[in-house]
Amino acid sequence: MSTAHGQQNTGDQNPHTAAEWDARYADTERLWTSNVNPSLIAEASDLAPGTALDVGSGEGADARWLAERGWQVTAIDISQVAVDRARESFPGPEITWLQADLVVDDVPGRDFGLVAAHYFPILAENRSVAQKLVDAVGPGGSLLVVGHAPEGVRAHGFDPADYVQPDDIATLLEGRSADGESEEGGWEILTHETRPRGIPAGGGHHIDDVVLHARRLPAR
């Protein structure tokens with residue numbers, strides 16, 4: 001899925017800006033597979049439908065899957081080309097398709113029942129984006145963050161330390177203030193594990209995923 005990397009190019013030859021992502025999408029009829037991410041199926045199938053935020057929605061496979069199961073979805077992507085393509089393929093009212101770069105833009109909405117981000121690289125210097133995702137989850141809602149396992153990232157020629165990882169977000173959720181209370185208002189970690197992708201990606205380097213699924217506890 002395409003991502004909000006921010007405005008600085010780190011020299012890794014990946015697209016970072018909206019214009020760069022637009023060019024990448026415009027260069028092909030379809031950039032990503034139409035398959036739904038397996039971790040979304042595994043973690044969200046049993047959730048009661050509500051409002052969902054699909055972050056880095058790309059050409060819309062995950063958003064469509066959620067909508068077909070009763071969710072009201074806000075799907076955001078940094079690329080306007082991707083947003084337009086996804087909207088054309090699924091124009092129904094169940095999904096609101098929006099262009100947004102979360103490095104500079106606010107999350108369009110709040111108190112979502114599900115915030116899902118699959119393979120959504122956040123540069124370490126843009127950690128505030130991770131906080132935006134956390135803050136967008138409503139009481140009782142779920143945060144699902146899936147990333148490539150670090151060994152696959154290294155094999156693909158990148159340094160995992162350059163990006164915010166699911167493990168970093170888990171640490172954020174588990175953070176404690178001086179009085180021992182959760183600084184995030186209380187979270188339950190439901191899943192935090194490395195599991196096989198099923199279909200390797202990234203030229204065969206990405207074999208395993210790190211899956212983090214957490215639930216924000218209702219206010220007491």
Side-chain angles (χ1 to χ4, degrees), residues 1-4 32-33 35-77 86 94-96 98 100 102 107-122 127 129-150 152-153 163-175 182 184-199 201 206 208-218:
M1 300 300 177
S2 64
T3 61
W32 310 111
T33 174
N35 296 331
V36 178
N37 280 303
S39 293
L40 182 64
I41 298 174
E43 300 298 326
S45 289
D46 294 334
L47 298 179
T51 58
L53 178 69
D54 182 19
V55 182
S57 52
E59 287 150 322
D62 286 357
R64 181 168 184 166
W65 183 88
L66 287 166
E68 289 173 344
R69 283 151 185 79
W71 292 84
Q72 189 66 42
V73 184
T74 300
I76 61 174
D77 199 280
E94 300 89 351
I95 305 177
T96 299
L98 298 172
L102 292 185
V107 171
R110 56 180 298 172
D111 290 340
F112 289 98
L114 171 66
V115 173
H118 286 77
Y119 316 113
F120 180 75
I122 302 171
R127 289 180 182 272
V129 173
Q131 187 67 56
K132 290 181 181 181
L133 301 185
V134 170
D135 292 344
V137 181
S142 288
L143 174 67
L144 176 60
V145 180
V146 181
H148 299 301
V153 175
Y163 298 90
V164 177
Q165 302 294 332
D167 291 354
D168 298 321
I169 297 178
T171 299
L172 174 65
L173 299 182
E174 294 169 344
S182 170
E184 292 299 332
W187 288 83
E188 177 186 12
I189 304 296
L190 303 175
T191 304
H192 185 194
E193 65 182 25
T194 300
R195 63 173 66 148
R197 283 180 48 85
I199 301 176
H206 299 307
D208 297 321
D209 287 340
V210 180
V211 179
L212 173 66
H213 180 190
R215 173 176 172 266
R216 185 187 288 276
L217 300 177

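- Annotation: side chain of Phe112 is in contact with side chain of Val107 (closest heavy-atom distance under 4.5 Å).
- Residue Leu53 holds its CG atom at 12.0 Å from NZ of Lys132, rounded to the nearest 0.5 Å.
- Ile189 CD1 to Ile169 CD1: the interatomic distance, rounded to the nearest 0.5 Å, is 10.5 Å.
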Evaluate side-chain contact (heavy atoms from CB on, under 4.5 Å) for Val211 paired with His192, printing each intermediate quantity in order.
-> CA-CA 6 Å; Val211 179; His192 185 194; over 6 Å; no
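- Side-chain contact check for Leu66 versus Val36: every heavy-atom pair is 4.5 Å or farther apart.
- Looking at Val210 and Asp167, their side chains come closer than 4.5 Å, going by heavy atoms from C-beta outward.
- Annotation: side chain to side chain contact (heavy atoms under 4.5 Å, CB included) contacts of Ala44 (sequence neighbours excluded): Leu40, Leu47, Trp65, Leu114.
- Residues satisfying the side chain to side chain contact (heavy atoms under 4.5 Å, CB included) criterion with Ala86, sequence neighbours excluded, are Trp97.
- Across all non-hydrogen atoms, the minimal contact from Asp77 to Gly56 is OD2-C, 3.5 Å.
- Taking all atoms of both residues into account, the shortest heavy-atom contact from Thr194 to Ala149 is CG2-CB, 4.4 Å.
- Checked against salt bridge (charged side-chain N to carboxylate O under 4.0 Å, His left out), Glu94 has no partners two or more places apart in sequence or in another chain.
- In this structure, the side chains of Glu188 and Leu217 come closer than 4.5 Å at one or more pairs of heavy atoms.
- Shown here for Ala61 and Asn35, the closest heavy-atom pair between the two residues is CB-O, 3.8 Å.
- In terms of heavy atoms, Ala117 sits closest to Leu133 at CB-CD1, 4.2 Å.
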Step by step, would you call Asn37 with Val146 a side-chain contact (heavy atoms from CB on, under 4.5 Å)?
-> CA-CA 9 Å; Asn37 280 303; Val146 181; over 6 Å; no
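- Between Asp209 and His118, the side chains place no donor N or O within less than 3.5 Å of an acceptor N or O (distance only, hydrogens not considered).
- The salt bridge (charged side-chain N to carboxylate O under 4.0 Å, His left out) pairs that include a residue from residues 109-122 number zero, where partners must be two or more places apart or lie in different chains.
- Note that CG of Asp168 and CZ of Arg127 are 5.0 Å apart. Values are rounded to the nearest 0.5 Å.
- Evaluation of the side chain to side chain contact (heavy atoms under 4.5 Å, CB included) rule for Arg64 yields Glu68, Phe90 as partners, not counting sequence neighbours.
- Of all non-hydrogen atoms in Ala52 and Trp71, the two that sit nearest each other are CB-CE3, 3.7 Å.
- Remark: Leu98 engages Thr74, Ile76, Thr96, Pro108 in a side chain to side chain contact (heavy atoms under 4.5 Å, CB included) (not counting sequence neighbours).
- Val55 is listed as a side-chain neighbour of Val115, based on a closest heavy-atom distance under 4.5 Å.
- Residues Thr51 and Val73 form no side-chain contact, since every pair of their non-hydrogen atoms from C-beta on lies 4.5 Å or further apart.
- Judged as a side chain to side chain donor-acceptor pair (under 3.5 Å), and not counting sequence neighbours, Ser39 has no contacts.
- A heavy-atom distance below 4.5 Å is not found between the side chains of Trp187 and Arg215.
- Between the side chain of Arg216 and the backbone N or O of Val137 there is at least one donor-acceptor pair closer than 3.5 Å.
- Scanning both residues, Leu212 and Ala170, for their nearest heavy atoms gives CD2-N, 3.6 Å.
- Applying the side chain to side chain donor-acceptor pair (under 3.5 Å) criterion to Arg195, with sequence neighbours excluded, gives Glu43, Glu193.
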